[in-house]
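All figures in this text were calculated on a predicted structure; none of them were measured in a lab.
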Amino acid sequence: MMSLLVLTSCSSAYYSAMEQVGIHKRDIMVDRVEEAKESQQEAQEKFASALAEMTALIRFDGGELKAQYQVIKAQYEQSQEAADLVTLRIEKIEDVSDALFTEWQEEIGQISNANLKRQSLTKFKATQRRYKTLIDSMYKAESKMAPVLTALKDNTLFLKHNLNAQAVGALQGEMLSIKKDVSILLKEMSAAIEQSQKFIDMLEK
């Protein structure tokens with residue numbers, strides 16, 4: 001509870017400082033959604049690359065198996081880093097959205113003109129609905145990353161302990177499952193990226 005209070009206090013101070021130089025929560029929200037979209041695109045590339053390297057290993061014929069393992073290990077680590085960045089940026093979006101919607105709702109309550117108040121409330125609710133679609137899509141895509149990372153890690157460690165042609169052959173069955181999971185992950189991330197752009201377009205109108 002104490003750490004949450006400290007975090008909230010730090011965020012509030014940051015937003016207040018930014019507003020003093022003309023950068024409002026809405027602007028920060030757009031920037032963070034854009035950053036999250038870029039992180040998702042990068043994660044897509046890393047996961048697709050890791051899958052390609054794992055597939056190449058299954059078809060590996062001759063050469064230095066240990067060197068190929070090092071490539072796969074690096075691809076897994078890069079995928080993990082990309083996934084962690086996606087999670088971090090989703091959390092940052094959640095933080096600024098809480099502040100933005102709280103402020104917006106409080107300010108609606110201060111509008112005395114009934115017509116203007118109604119219009120502002122309508123825009124507020126529409127933005128909230130679009131935001132919920134966005135954040136649900138982001139978390140849905142994020143939830144697909146963990147099982148793929150686990151499978152990549154398992155296979156990477158298995159190879160580390162069994163650097164021989166027989167071990168490579170044993171992974172062929174696993175690859176079918178990994179390919180399916182990566183395919184679903186990439187599809188969900190594409191949907192989240194699309195929702196991100198729609199939300200950005202809405203806020204910038």
Assigning hydrophobic clusters by single linkage (Ile, Leu, Val, Met, Phe, Trp, Tyr; side-chain heavy-atom cutoff under 4.5 Å), is [X] placed with [Y]?
X: Trp104; Y: Tyr15; result: yes
X: Ile193; Y: Phe47; result: no
X: Ile72; Y: Leu157; result: no
X: Phe158; Y: Val148; result: yes
X: Leu185; Y: Ile135; result: yes

Is it the case that over 12 heavy atoms from other parts of the model lie below 6.0 angstrom from the NZ atom of Lys153? no

Handout entry: Gln105 CD: over 12 foreign heavy atoms closer than 6.0 Å
Key = no

Looking only at side chains, do Tyr131 and Glu94 share a donor and an acceptor under 3.5 Å apart? yes

ask   = Can a donor-acceptor pair be found between the side chains of Thr133 and Gln195 at a distance below 3.5 Å?
value = no

Can you check whether [Y]'s main-chain N or O pairs, donor with acceptor, with [X]'s side chain at less than 3.5 Å?
X: Arg130; Y: Lys198; value: no
X: Ser143; Y: Lys140; value: yes
X: Ser39; Y: Glu35; value: yes
X: Tyr76; Y: Ala50; value: no
X: Gln44; Y: Leu186; value: yes
X: Ser120; Y: Leu116; value: no
X: Ser49; Y: Lys46; value: no
X: Asp98; Y: Asp95; value: no

For [X] and [Y], work out which heavy atoms get closest and say how close.
X: Lys132; Y: Asp136; value: NZ-OD2, 2.7 Å
X: Lys92; Y: Arg32; value: O-NH1, 2.9 Å
X: Ala192; Y: Leu134; value: O-CD1, 4.3 Å

Report the distance from atom [atom1] of [X] to atom [atom2] of [Y], rounding to the nearest 0.5 Å.
X: Asp154; Y: Ile178; atom1: CG; atom2: CD1; answer: 8.5 Å
X: Asp31; Y: Leu203; atom1: CG; atom2: CG; answer: 11.0 Å
X: Lys179; Y: Leu51; atom1: NZ; atom2: CG; answer: 6.5 Å
X: Lys144; Y: Lys187; atom1: NZ; atom2: NZ; answer: 10.5 Å
X: Arg26; Y: Ser97; atom1: CZ; atom2: OG; answer: 13.5 Å
X: Glu38; Y: Gln41; atom1: CD; atom2: CD; answer: 7.0 Å

From the list Gln80, Gln75, Lys73, side chain to side chain donor-acceptor pair (under 3.5 Å) partner of Glu77 resolves to Lys73

Please step through side-chain contact (heavy atoms from CB on, under 4.5 Å) for the pair Met138 and Gln40, ending with a clear verdict. CA-CA 9 Å; Met138 283 188 168; Gln40 289 168 329; 3.5 Å; yes

### Message
With a 4.5 Å cut-off on side-chain heavy atoms, are Ile108 and Lys117 touching?
### Response
yes

Across all chains, not counting sequence neighbours, the side-chain contact (heavy atoms from CB on, under 4.5 Å) partners of Ile200 are Val30, Val33, Glu34, Gln197, Glu204

task: Show the numbers, then the answer: is there a side-chain contact (heavy atoms from CB on, under 4.5 Å) between Asn115 and Gln119?
output: CA-CA 6 Å; Asn115 184 46; Gln119 290 182 50; 3.0 Å; yes

